[in-house]
Structures are given as structure tokens and as C-alpha cells.
Amino acid sequence: MAWWGARRMRRGCGWPVRLLLATALLLGPADGAHAAGPDVEDRVREIASELRCVVCQNLSVADSPSDLAREMRNVVRDQVQQGKSREEVQAYFVSRYGEYVLLAPPKRGFNLLVWGLPFLAVLAGGGVVYLVARRWAEQKPGVRPTVDPVYAERVRRELKDRE
């Protein structure tokens, strides 16, 4: 370092550097989080937890540590601060990435099958169990399995011997 640089370091920073530091302290973080209140952050977290991270694919945008998820959270925050609803924010991301970006498929069209199929499977399974149980309970008592007469006579003799 030159002699004038070392001397300047001992004296402290000049006024331009002080002005930059003061401005940075007043502006706060670069991502704009300082302007968001707790209710805005709650809404951002709620909306981001319903969106899929396109990089991680098994995490929500709220839980993903990727850079893209951070950018998506910032977009959600900006749109919430602009007063947009959850549906409008989701529609924005669906227009960019398709319905895949939603962690829960919408309950309309072909996706109704995804929502309704588990309930139909439980009903069908219950119906099968009911029919099998009814058939099992309705077996006629008069129908006896055929027994070998020699074996039946032997059992009768052994029972008489025991008495």
C-alpha cells in the first residue's frame, strides 16, 4: 500500500465512504424484507408453501434453500405488497411454470380424479368387504361337508370308549 493509503487508513474514512455507509444502514437489506410487516411475511410464507420449487421439485418454495426459490419468494413478497391475492400470485406462477408449480393440484377438470379416487377406492374396498362378509355369513347350515363314513365310525367308537 502506498504511503498515502496507509495514512488515510489511520485517519479514518472520508466523507463519501461515510455517506455510503449511512445510506446502506438506512436502506437496510437488499431483498426488500425491511418494508414487510409480520402479516405480509405470514402471507408470503403461506403462499410460498403452496408453490413447488422448480429446482428441488419435492420442496415448497418456502422450504427450499435454492437461489431460484429465494427469487420466487421475493416475487411473492413484491406481489403481496402490491395487494395481490393468493389466487393472483398463484396464477402468475402457473403462467410462468405451468400447473406443476402448484403443490396441490386444483380441484377441477381431470384433477378431480386425483382428489376423488382415494375416496372411491375406500368405498369400493368397503363394498367388497361387505359382500364377502355377507356371503360368508349366509352359508347354509344344512350343507355339511362330506365325511368319510369309516372315519366317522372310528370317531364315534373312540368317543364311546372315553365315556
Side-chain angles (χ1 to χ4, degrees), residues 1-140:
M1 189 183 278
W3 64 271
W4 53 270
R7 185 171 165 220
R8 180 166 264 224
M9 292 296 279
R10 281 187 304 241
R11 278 192 327 187
C13 300
W15 69 269
V17 175
R18 287 186 199 142
L19 180 64
L20 284 173
L21 287 173
T23 305
L25 287 173
L26 287 175
L27 291 179
D31 65 353
H34 69 282
D39 56 328
V40 171
E41 287 304 316
D42 290 342
R43 289 201 58 224
V44 168
R45 175 86 177 146
E46 175 189 340
I47 294 171
S49 66
E50 297 172 353
L51 298 173
R52 181 186 318 271
C53 176
V54 223
V55 174
C56 303
Q57 295 181 2
N58 61 347
L59 291 176
S60 71
V61 170
D63 299 329
S64 174
S66 73
D67 292 335
L68 181 62
R70 187 173 355 104
E71 290 176 22
M72 290 173 78
R73 283 191 300 269
N74 289 337
V75 169
V76 170
R77 183 176 295 109
D78 291 342
Q79 291 193 4
V80 166
Q81 288 174 342
Q82 292 172 9
K84 293 190 177 176
S85 68
R86 177 173 47 104
E87 291 79 18
E88 291 173 323
V89 174
Q90 286 180 346
Y92 171 82
F93 283 103
V94 166
S95 71
R96 299 268 188 248
Y97 300 103
E99 280 192 352
Y100 176 75
V101 78
L102 300 175
L103 279 176
K107 298 173 185 165
R108 66 176 186 274
F110 184 71
N111 291 335
L112 281 175
L113 195 62
V114 173
W115 288 101
L117 198 59
F119 299 111
L120 291 175
V122 167
L123 285 175
V128 167
V129 167
Y130 172 76
L131 290 175
V132 168
R134 194 174 99 192
R135 185 173 291 167
W136 180 68
E138 287 181 354
Q139 286 182 350
K140 297 181 180 177

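Only heavy atoms go into these numbers, but all of them, side chains included; no hydrogens, no water, no symmetry mates.
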Start with the C-alpha gap between Val101 and Arg96, add the side-chain angles, then the distance that decides, and say whether side chain to side chain contact (heavy atoms under 4.5 Å, CB included) holds.
CA-CA 9 Å; Val101 78; Arg96 299 268 188 248; over 6 Å; no
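For Ser49 against Ser60, the heavy-atom pair with the smallest separation is O-CB, 3.5 Å. Considering all non-hydrogen atoms of both residues, Arg86 and Arg43 come closest at N-NH2, 3.8 Å.
At least one side-chain heavy atom of Leu102 sits under 4.5 Å from a side-chain heavy atom of Gln90. At a threshold of 4.5 Å between non-hydrogen side-chain atoms, the residues Met72 and Val75 do not count as touching. Side-chain contact check for Val76 versus Val61: every heavy-atom pair is 4.5 Å or farther apart. Using a 4.5 Å cut-off on side-chain heavy atoms (C-beta onward), Ile47 and Gln79 make no contact. Leu59 is listed as a side-chain neighbour of Pro65, based on a closest heavy-atom distance under 4.5 Å.
A salt bridge is absent between Arg73 and Asp63: the closest approach of a Lys/Arg side-chain nitrogen to an acidic carboxylate oxygen does not fall below 4.0 angstrom. Using a 4.0 Å cut-off between charged side-chain N and carboxylate O, Arg45 and Asp42 make no salt bridge.
Contacts of Arg52 classified as side chain to side chain contact (heavy atoms under 4.5 Å, CB included), with partners at least two apart in sequence or in another chain: Tyr100, Leu103.
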